[in-house]
Undergrad: 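Sharing a structure with you now.
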There are 2 protein chains.
Amino acid sequence: MNIAQIRNHLETHDVKPSHHRIKVYQYLVENRNHPNVDMIYRELSTEIPTLSRTTIYNTLNLFVEKGLVSLITIAENEMRYDADTSLHGHFRCHRCGKIYDLRLKGSALEFENMDNFRVDESHLYFKGLCGNCLAEAGDK
Amino acid sequence: MNIAQIRNHLETHDVKPSHHRIKVYQYLVENRNHPNVDMIYRELSTEIPTLSRTTIYNTLNLFVEKGLVSLITIAENEMRYDADTSLHGHFRCHRCGKIYDLRLKGSALEFENMDNFRVDESHLYFKGLCGNCLAEAGDK
DNA sequence: ATACAACTTTGTAATGATTACAATTTCATA
DNA sequence: TATGAAATTGTAATCATTACAAAGTTGTAT
């Protein structure tokens, strides 16, 4: 996704494509690592020395509000963000902390009593040990 | 679930059944409202005037550690707790804030690439508008 | 080009849930 | 009843996030 495409994508979602916003969105698209605010801040502030953390917060809140990114609350004490807004699951390894994407098999996810509700967001979170950490420390 | 049963249940999970712990667990069993710390504190401190919030935090952390209750992070800025540790989903209405239980239909919840992982926890969160709020304010 | 209004960005201070920690109290047992 | 371990308490610290007001930037009409 190049700059022109990003610019267009933001405008499609009713977000004015300022330089900072483009950079934040670009980070999210190029680093599929479900970052928190600090990860984005530390990376972008090397390019934009005057960058403020508040701008990252403002930008991400705007993106979430406009449906450009989704907010992941799989880690108890921090918000993480994902440019992939399609329905998929997340797995967080409690040893290395890495968050993996999980792709749903089929589209079967049905509940007995969800008829009356209007569902706007779905979050599928799993926690445990990832393959790497199982191999390195099989007992924990 | 009476006091003797609660006492026994705590002991089964390697938790010494102090008076406070029994009261906290009893609250969770009798109020299936997925409370946060403050809801439990406000309720119990009428019975136990000397109760400290820290005790609630300590107790809930112990319960989670010992597998007696599960920690729900569906609300961004606060932890909520559930005495039902079986696999089920949660729906949070963004208008009234209430959290509903959802029972999985079948046990079909499969992912493409979860083979290598050891899953210890599953969290299925959904957000939107509940039936009541849809009826009362159909447009929001 | 200029001025103006609207919007964006910044930095500091406030908020609020949770945790750290040390002191006090309670409990179980000899 | 004495003693040590465990539970409880209260205050202070932590830390991610938000509030807010000032400063900077952009686009547009004149």
Side-chain angles (χ1 to χ4, degrees), chain A residues 3 6-7 10-11 13-27 34-66 68-81 92 97 99, chain B residues 3 6-7 10-11 13-27 34-66 68-81 92 97 99:
Chain A
I3 303 294
I6 291 175
R7 186 182 295 273
L10 299 194
E11 280 173 342
H13 286 76
D14 203 25
V15 170
K16 289 192 183 171
S18 74
H19 180 237
H20 291 71
R21 287 169 181 169
I22 291 171
K23 282 296 180 187
V24 171
Y25 193 78
Q26 187 180 29
Y27 178 95
H34 317 91
N36 60 19
V37 166
D38 232 56
M39 291 161 76
I40 302 174
Y41 175 75
R42 286 202 306 274
E43 174 74 19
L44 294 189
S45 57
T46 64
E47 290 181 66
I48 312 169
T50 62
L51 185 65
S52 164
R53 257 190 197 77
T54 302
T55 299
I56 310 285
Y57 279 105
N58 291 341
T59 301
L60 291 170
N61 284 341
L62 182 66
F63 285 175
V64 170
E65 184 191 329
K66 298 298 188 182
L68 273 161
V69 311
S70 62
L71 171 60
I72 304 175
T73 59
I74 197 173
E76 273 104 52
N77 58 340
E78 64 183 3
M79 296 176 174
R80 288 175 166 266
Y81 296 88
R92 180 170 188 272
I99 296 177
Chain B
I3 303 294
I6 290 175
R7 187 182 294 274
L10 298 194
E11 279 172 342
H13 285 76
D14 203 25
V15 170
K16 289 192 184 170
S18 73
H19 180 237
H20 292 71
R21 287 170 181 170
I22 290 170
K23 281 296 180 186
V24 170
Y25 193 77
Q26 187 180 29
Y27 177 95
H34 317 91
N36 60 20
V37 166
D38 233 54
M39 292 161 76
I40 302 173
Y41 175 75
R42 285 201 308 274
E43 175 73 19
L44 294 189
S45 56
T46 65
E47 291 181 65
I48 312 168
T50 62
L51 185 65
S52 164
R53 259 190 195 76
T54 301
T55 299
I56 310 285
Y57 279 106
N58 290 341
T59 302
L60 290 170
N61 284 341
L62 180 68
F63 285 175
V64 170
E65 185 190 328
K66 299 298 189 182
L68 273 162
V69 312
S70 64
L71 171 60
I72 304 175
T73 60
I74 196 174
E76 273 104 52
N77 57 338
E78 65 184 3
M79 296 177 175
R80 289 175 165 264
Y81 297 88
R92 180 171 190 271
I99 296 177

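Note on naming: letters A, B, ... go to the chains in the order of the sequence lines (proteins, then strands), and numbering restarts at 1 for each one.
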Undergrad: Among C:dT10, D:dT9, C:dT8, which is the nearest nucleotide to the side chain of B:Thr50?
TA: D:dT9
Undergrad: Can you tell me how far C1' of C:dG11 sits from OH of A:Tyr41, to the nearest Å?
TA: 10 Å
Undergrad: Please confirm whether the shortest side-chain N or O distance from A:Thr54 to OP1 or OP2 of C:dT10 is below 4.0 Å.
TA: no
Undergrad: With a 4.0 Å cutoff (strictly under), does any side-chain N or O of B:Arg21 reach OP1 or OP2 of D:dA7?
TA: yes
Undergrad: List the atom of B:Ala75, the atom of B:Arg92, and the distance in Å for their closest heavy-atom pair.
TA: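 Smallest interatomic distance, heavy atoms only, reads CB-NE, 3.9 Å.
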Undergrad: So A:Leu51 and A:Ile56, do their side chains get closer than 4.5 Å, heavy atoms only?
TA: yes
Undergrad: Specify the separation, in whole Å, of atom CZ of A:Arg53 and atom C1' of D:dA19.
TA: 17 Å
Undergrad: Is the closest basic N to carboxylate O distance between A:Glu11 and A:Lys16 below 4.0 Å?
TA: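 No, A:Glu11 and A:Lys16 are not salt-bridged.
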Undergrad: Closest to the A:Lys16 side chain: C:dT8, D:dT9, C:dA17?
TA: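 Among C:dT8, D:dT9, C:dA17, the one nearest the side chain of A:Lys16 is C:dT8.
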Undergrad: Between A:Asn58 and C:dT8, does any side-chain N or O lie under 4.0 Å from OP1 or OP2?
TA: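 Checking C:dT8 against A:Asn58, no side-chain N or O comes under 4.0 Å of OP1 or OP2.
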Undergrad: Nearest-Å distance, CD (A:Glu78) to P (D:dA16)?
TA: 8 Å
Undergrad: Any side-chain N or O of B:Asn36 below 4.0 angstrom from OP1/OP2 of C:dA17?
TA: no
Undergrad: Figure out the CD/P separation between B:Glu76 and C:dT18, and round it to whole Å.
TA: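 So the CD-P distance, B:Glu76 to C:dT18, works out to 13 Å.
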Undergrad: Would you kindly give the CG-to-C1' distance between B:Leu51 and C:dT25, to the nearest whole Å?
TA: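 In whole Å, C:dT25 C1' lies 14 Å from B:Leu51 CG.
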Undergrad: Send over the distance from A:Tyr81 OH to D:dT17 C1', rounded to a whole Å.
TA: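 For the pair A:Tyr81 OH and D:dT17 C1', the rounded distance is 9 Å.
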Undergrad: Identify, between A:Ile48 and B:Asn61, the residue whose nearest nucleotide on DNA chain C lies closer to the 5' end.
TA: A:Ile48
Undergrad: Can you name the one residue among A:Val64, A:Leu62, A:Val69 that meets side chain to side chain contact (heavy atoms under 4.5 Å, CB included) with A:Lys66?
TA: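 So, applying the side chain to side chain contact (heavy atoms under 4.5 Å, CB included) to A:Lys66 and each of A:Val64, A:Leu62, A:Val69, only A:Leu62 qualifies.
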Undergrad: Give a yes/no answer on whether the side chain of B:Tyr57 brings an N or O atom under 4.0 Å of OP1 or OP2 in C:dT19.
TA: no
Undergrad: Think B:His20 has a side-chain N or O under 4.0 angstrom from the OP1 or OP2 of D:dT9?
TA: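 True: B:His20 side-chain N/O within range (under 4.0 Å) of D:dT9 OP1/OP2.
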Undergrad: Would you say B:Thr55 places a side-chain N or O within less than 4.0 Å of OP1 or OP2 belonging to D:dT9?
TA: yes
Undergrad: Using whole Å, report how far CD1 of A:Ile40 lies from P of D:dA16.
TA: 14 Å
Undergrad: How many whole angstroms separate atom CD1 of B:Ile56 from atom P of C:dG16?
TA: 20 Å
Undergrad: For the side chain of B:Ser18, starting at C-beta, report the closest nucleotide among D:dT8, C:dT8, C:dT18.
TA: D:dT8
Undergrad: Side chains of A:Tyr27 and A:Pro35, heavy atoms from C-beta outward: is any pair under 4.5 Å?
TA: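 When only atoms from C-beta onward are counted, A:Pro35 and A:Tyr27 do touch, with a gap below 4.5 Å.
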